[in-house]
Amino acid sequence: MAGDPKGIQTVLITGASTGLGLAIARDLLAHTQHRLVLTARPSSMGRFEPLGLENGERIWLRPLDVTDADQRDSLVTEIEAAFGAVDVLINNAGLSFRSVVEHVAADELRAQMDVNFLSPMELTRRVLPAMRKQRYGRIITISSVGGMMAMPTMSVYSASKFALEGCCEALWYEVRPWGIHVSLVQPGFIRSDGFTKVHLTRQSQFGADHESDPYHEHYASMGPFIAKTMERTTSSPESVARTVRRTMQEKRPCLRVPATWDARFFAALRRIMPRAIYHRFLYSRLPNIKSWGPGSNQN
Ligand SMILES: NC(=O)c1ccc[n+]([C@@H]2O[C@H](COP(=O)([O-])OP(=O)(O)OC[C@H]3O[C@@H](n4cnc5c(N)ncnc54)[C@H](OP(=O)(O)O)[C@@H]3O)[C@@H](O)[C@H]2O)c1
């Protein structure tokens, strides 16, 4: 890596058994010499072997539920004992709840924040001391367009990504003196299983299923709209993985790296358009907006 003090580096990737995490792993295997610690939830570890990924000198396969403090600690301890430090942490694991604000219970909000925000930040805190000691490191966190703008029915997902963005922005300043680079890679819609695996909350499931629910039209309109946008996008996990690798290889990577065309479009729109106009513009573009709420004869 240009400008890096180390040749072969140790890269830890969370959620690496599928989707974007797997694409990043494959891209780094093909295009770098780095040592990869590929992690997945214990129940998903069985996916690696059929994919041709096996434990060896260059690849370590390890179980890691990011929400489990003991698993986080023992894995980083093992890596530090073997190689001194995690040189590059890629916080990729994430999940997505689909719900309007009124339909999220406290436990569901906590579950979303735990996987997408609290746990990646805990893992980051765990790897930082050794990175500081060696005066080198990279923290790459997969954010989202949802971390720069919020959409109806994606409130808590956006909350988790906005939180990541705020925390990583502060971290960017804090650890730069030790040669540690912090980046947020922001994909928009990509063709992956991610959005087909959305979690509905107890109440949003009811709202989506029952026409009598005041928010039924919100779900009935947004679900197909998101699915269609994902089908049509030309961005793939592989193209985002290339952006992650380039970010890793940059001597001075940007804090925010929009990784798909729609992410670049919305980042530009937010910069150029005054906020009040921007929100009204987006509101007017929501699918079937006239039929939402009272328009659908609901309360
Ligand atoms: N797909 C998109 O359009 C899109 C857009 C913007 C941002 N993103 C972000 O990209 C990242 C990857 O998403 P993806 O699209 O590749 O979705 P995905 O296919 O659902 O992959 C998510 C990964 O995270 C793992 N994961 C979930 N909970 C975990 C936990 N507690 N501990 C460890 N791993 C856990 C999943 O493991 P299991 O399979 O075991 O559950 C899976 O491997 C996420 O941060 C997501 O927010 C995706």
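FYI, side chains are in, hydrogens and waters are out, and symmetry mates aren't considered; it's all heavy atoms of this structure.
Atom CZ in R271 sits 13.5 Å away from atom CZ in F266 (nearest 0.5 Å). T124 OG1 to R72 CZ: the interatomic distance, rounded to the nearest 0.5 Å, is 10.0 Å. To the nearest 0.5 Å, atom CZ of residue F189 and atom OG of residue S144 are 8.0 Å apart. Rounding to the nearest 0.5 angstrom, the gap separating the CD atom in E169 from the CG atom in L164 is 12.5 Å. Note that the CE atom of M154 and the OG atom of S160 stand 9.5 Å from one another [nearest 0.5 Å]. With values rounded to the nearest 0.5 angstrom, R138 atom CZ is found 9.0 Å from Q249 atom CD.
Evaluated for a side-chain contact (heavy atoms from CB on, under 4.5 Å) with I13, the options I90, L64, I140 yield exactly one hit, I90. Looking at L128, T141, L255 one by one, the single match for side-chain contact (heavy atoms from CB on, under 4.5 Å) with L171 turns out to be L128.
Relative to the ring axis of F83, R35 places its NZ or CZ within 45° and under 6.0 Å from the centre.
M113 has its side chain out of reach of V156: every pair of non-hydrogen atoms, C-beta onward, lies at least 4.5 Å apart. Within the 4.5 Å cutoff, no side-chain heavy atoms of I24 are placed close to those of E238. Side chains of M248 and P253 form no contact here, defined as non-hydrogen atoms less than 4.5 Å apart. Looking only at side-chain heavy atoms (C-beta outward), K133 and W178 stay at 4.5 Å or farther from each other. Using a 4.5 Å cut-off on side-chain heavy atoms (C-beta onward), I79 and V37 make contact. Counting only heavy atoms from C-beta outward, the side chains of H34 and T10 never approach each other to under 4.5 Å. Residues F206 and D213 meet the side-chain proximity criterion, which asks for heavy atoms closer than 4.5 Å. Put simply, the side chain of K161 reaches to within 4.5 Å of the side chain of N116, judged on heavy atoms.
Using a distance-only test at 3.5 Å, with no hydrogens or angles considered, no donor-acceptor pair links the side chain of N288 to the main chain of S291. Between the R270 side chain and the M148 main chain, a donor and an acceptor come within less than 3.5 Å of each other. At least one donor-acceptor pair closer than 3.5 Å links the side chain of T229 to the backbone N or O of F225. At least one donor-acceptor pair under 3.5 Å links the side chain of Y219 to the backbone N or O of V100. The backbone N or O of S99 sits nowhere less than 3.5 Å from a side-chain atom of T201 that would complete a donor-acceptor pair. In this structure a side-chain-to-backbone donor-acceptor pair under 3.5 Å is present from H216 to A208. Formation of a donor-acceptor pair under 3.5 Å by the D87 side chain with backbone atoms of G137 is not found in this model. Checked by atom type and distance alone, the side chain of S284 pairs as donor or acceptor with a backbone atom of F281 at under 3.5 Å. Within the 3.5 Å criterion, the main-chain N or O of M230 finds no donor-acceptor partner in the side chain of T233. Under a 3.5 Å cut-off, the side chain of R176 and the backbone N or O of V182 do not form any donor-acceptor pair.
Counted by atom type alone, S235 and W261 present zero donor-acceptor pairs between their side chains at under 3.5 Å. There is a side-chain donor-acceptor pair under 3.5 Å between E102 and Y215. Side-chain atoms of R126 and T77 include a donor-acceptor pair closer than 3.5 Å. Judged purely by distance below 3.5 Å, without hydrogens or angles, the side chains of D114 and S119 pair a donor atom with an acceptor atom. With 3.5 Å as the limit, one finds no donor-acceptor pair spanning the side chains of S143 and Q186.
When all heavy atoms of A93 and V66 are compared, the closest pair comes out as CB-CG1, 4.3 Å.
Counting only residues at least two apart or on different chains, the side chain to side chain donor-acceptor pair (under 3.5 Å) pairs with a member in residues 39-56 are S17-R47, N55-R62.
Using a 4.5 Å cut-off between side-chain heavy atoms of Ile, Leu, Val, Met, Phe, Trp and Tyr, with links allowed through other members, V240 and L29 fall into the same hydrophobic cluster. Residue L75 is grouped with residue I139 when hydrophobic side chains (ILVMFWY) are merged at heavy-atom distances under 4.5 angstrom, including chains of intermediate members. Following chains of ILVMFWY side-chain contacts shorter than 4.5 Å, one cannot reach V11 starting from I8, and the two form parts of different hydrophobic clusters. Note: the hydrophobic cluster containing V244 does not contain L184 (ILVMFWY, side chain heavy atoms under 4.5 Å, direct or indirect links).
Between E165 and R256 a salt bridge is recorded (basic side-chain N to carboxylate O distance below 4.0 Å). The pair R191-E231 does not meet the salt-bridge criterion, since no charged nitrogen lies less than 4.0 angstrom from a carboxylate oxygen.
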Derivation of the side chain to side chain contact (heavy atoms under 4.5 Å, CB included) call for L38 and F48: CA-CA 9 Å; L38 308 182; F48 285 121; 4.1 Å; yes
Does D262 form a salt bridge (charged side-chain N to carboxylate O under 4.0 Å, His left out) with R232? I'd like the steps, not just the answer. CA-CA 12 Å; D262 52 338; R232 288 182 183 163; over 6 Å; no
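Atom CZ of R280 has 12 or fewer neighbouring heavy atoms from other residues, nucleotides or ligands inside a 6.0 Å radius. Around atom CZ of R125, no more than 12 heavy atoms belonging to other residues, nucleotides or ligands sit under 6.0 Å away.
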